[in-house]
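Written below as structure tokens is the structure these notes are about.
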Amino acid sequence: LWIPAAEAGFAAADISRALAAGLRLRPVAETLRSTLTWEQSLGAEGRAGSPVLTFEREAELLARWRARG
């Protein structure tokens, strides 16, 4: 899952109070399966403005990165 650094602040949140109140976390594999199913339901290219990285875009970015040296 790719999340822009500017939007990743939620990952630093202190959830100790929620855990103490009974929050239960799902296994990562279950979360990934659910997220993939949801994203696929939006169509091949995802939703408008989606952070979905297509194979073509990934290849383009990798080629640029390799060209830099």
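Quick note: numbers below take in every heavy atom, side chains included, and nothing from hydrogens, waters or symmetry partners.
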Taken in chain and number order and not counting sequence neighbours, the residues that satisfy salt bridge (charged side-chain N to carboxylate O under 4.0 Å, His left out) with Arg17 are none
Going by chain and number, the hydrophobic cluster around Phe55 (ILVMFWY, side chain to side chain under 4.5 Å) further includes none
Sorted by chain and residue number, the side-chain hydrogen bond (donor to acceptor under 3.5 Å, both in side chains) partners of Ser16 (sequence neighbours excluded) come out as Asp14
Taken in chain and number order and not counting sequence neighbours, the residues that satisfy side-chain contact (heavy atoms from CB on, under 4.5 Å) with Leu19 are Ile15, Leu23, Leu25
Solution key, residues 60-69 side-chain donor-acceptor pairs under 3.5 Å, sequence neighbours excluded:
unit_1: Glu60; atom_1: OE1; unit_2: Arg57; atom_2: NH1; d: 3.4
unit_1: Glu60; atom_1: OE2; unit_2: Arg57; atom_2: NH1; d: 2.9

For Glu58, the salt bridge (charged side-chain N to carboxylate O under 4.0 Å, His left out) test, sequence neighbours excluded, returns none
Sorted by chain and number, sequence neighbours left out, side-chain contact (heavy atoms from CB on, under 4.5 Å) with Thr31 holds for Arg26, Thr35
